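All remarks here apply to the structure that follows.
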Number of protein chains: 2
Amino acid sequence: MGTTQLESVPEPKYWHLRTVLSEALDSEFAVGQVLPNERDLAARFGVARATLRQALEQLELEGRLQRRRGVGTTVAPPRVGVAVGSAELGWPGAPGDAWQAEESDRATAPAAVAELLGIAKDEPVHIVRRTRVTGGQPVAADLVHIPASSVPDLTAIDAPAGPARARAVLRELRRTEFEGQDRSVELGSARADDARALDRLPGAPVLVVTTRYFGAGGTAAVSLATYRADTCRLTFGADGVEIHHTPERQAS
Amino acid sequence: MGTTQLESVPEPKYWHLRTVLSEALDSEFAVGQVLPNERDLAARFGVARATLRQALEQLELEGRLQRRRGVGTTVAPPRVGVAVGSAELGWPGAPGDAWQAEESDRATAPAAVAELLGIAKDEPVHIVRRTRVTGGQPVAADLVHIPASSVPDLTAIDAPAGPARARAVLRELRRTEFEGQDRSVELGSARADDARALDRLPGAPVLVVTTRYFGAGGTAAVSLATYRADTCRLTFGADGVEIHHTPERQAS
DNA sequence: CAGTGGTCTAGACCACTTG
DNA sequence: AAGTGGTCTAGACCACTGT
């Protein structure tokens with residue numbers, strides 16, 4: 001309703017296109033439906049394919065679209081609410097914590113993690129790789145870093161490589177008294193290994209959740225979890241309450 | 001250490017460029033330093049400017065770079081830790097809550113917010129606009145949605161438009177007993193108004209924090225806060241502990 | 001004004017999935 | 001093999017910032 005023409009400050013084409021497509025998605029498309037291919041869409045809107053792609057990228061970032069090479073572009077379902085708060089209080093690997101331990105290795109922690117742990121940057125740590133699956137889809141991958149100093153008996157672990165050993169390491173960590181935790185969330189981009197685990201391309205946007213676990217008078221472990229930003233909404237329920245709905249758009 | 005050549009699955013140029021630039025930033029650049037301009041950098045690496053820009057975009061998304069039109073590209077400082085957890089328990093607008101109320105209006109809430117509030121989608125609500133500043137820089141903008149039904153006396157408020165009225169509305173909300181809250185974090189892109197408030201371009205990546213405030217037996221208010229994803233790290237301190245360092249990179 | 005990043009184009013080729 | 005999205009190019013022009 002109104003004159004959308006004659007903009008004193010004309011908005012970029014790709015941004016306008018994003019808006020038009022977004023409205024079309026709301027009114028004319030169902031979840032899972034495939035869109036026309038990029039070349040057709042670009043022609044239909046009279047723009048170059050690169051410009052059309054810029055609009056699609058925005059919508060994918062907002063979780064509205066899903067694109068797969070060789071397949072096409074489909075309308076994405078609402079984002080999945082993933083509990084990161086109350087459901088995970090306690091040591092990593094506690095029973096029923098939604099994560100699946102995959103593998104464990106000994107290596108030197110990255111400098112940033114070493115600093116969080118308060119250890120020398122060349123001190124070896126145990127690294128447990130875990131994945132988190134919701135609704136059949138992988139939503140997150142993480143690495144739990146445990147300094148050898150905080151779980152001395154750990155050196156005795158010699159379970160066969162694979163999930164068994166990973167679980168054993170976490171079980172050993174739980175012998176220490178749990179004294180609290182601490183979290184931060186920031187935007188990042190998936191590295192090659194994370195991208196593979198999350199079924200995305202390198203550079204895909206992810207939400208990086210850094211958790212510090214306190215015990216035995218210091219930082220006993222640090223977990224770096226990377227969640228798919230396109231499909232996930234991280235929920236922090238202060239009262240065990242869950243958010244039901246997807247706030248898909250802010251105020252106009 | 002080893003033969004980095006002969007990749008069976010060659011990584012994209014822009015991704016390799018990102019890595020090279022990232023390492024250069026670590027070793028050869030100081031925070032605030034300006035990089036050569038995009039045309040020079042592209043020529044130096046023997047790629048098209050668009051490809052170079054793709055690499056810069058990644059690094060900006062990761063908070064490593066800051067680009068300003070007409071000025072140049074500079075090395076960004078580490079992300080600012082912004083407390084979103086314990087420091088904000090209680091009603092919005094409680095004394096010393098880091099937010100600054102700017103304005104208040106009566107309008108109909110967006111459909112998604114109406115659903116969170118459990119009201120009809122055409123029922124008018126009070127919308128309080130707030131901003132959050134840290135270290136002299138705007139880091140977040142939000143809109144607090146308060147249904148008229150949850151604060152009946154609110155209709156009597158007739159303070160002069162502006163911060164005074166906004167504060168008055170929040171003060172009125174605090175008369176209700178506070179029964180808890182609930183949060184979720186997801187990735188979004190800044191709309192025109194948010195972009196302006198955050199000193200960014202439309203479409204800039206933001207972290208959208210949706211908070212439900214419970215009181216009087218239901219959802220008394222919903223806040224939609226958008227944080228600059230490039231400069232912010234949201235912290236949730238379970239024990240009042242603050243995360244000091246920037247986890248700039250995950251395990252290799 | 002000159003110099004910067006932001007937008008846009010038209011085309012090419014590649015990697016991947018599916019029939 | 002055909003069709004899809006992903007990458008890359010070389011160039012143009014625009015919007016904004018400083019001097």
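Note that this is a predicted model, so its numbers are computed, not measured. Lettering of chains follows the sequences in order, A, B, ..., and the numbering in each one begins at 1.
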If only atom types and distance count, is the side chain of A:Arg228 paired as donor or acceptor with the main-chain N or O of A:Arg200 below 3.5 Å?
no

Do A:Glu38 and A:Arg49 sit within salt-bridge range, that is, some charged N less than 4.0 Å from a carboxylate O?
yes

Could you tell me whether B:Asp26 and B:Arg64 make a salt bridge, using a distance below 4.0 angstrom between a side-chain N and a carboxylate O?
yes

In terms of side-chain heavy atoms, does A:Ser189 have a donor or acceptor partner in B:Glu62 at a distance below 3.5 Å?
yes

Among side-chain atoms of B:Gln100 and B:Thr131, is any donor-acceptor pair under 3.5 angstrom?
no

I'd like to compare against my own output: the B/S/- annotation of nucleotides 3-10 of chain D with a strict under-4.0 Å heavy-atom distance to protein.
BBBBBSB-

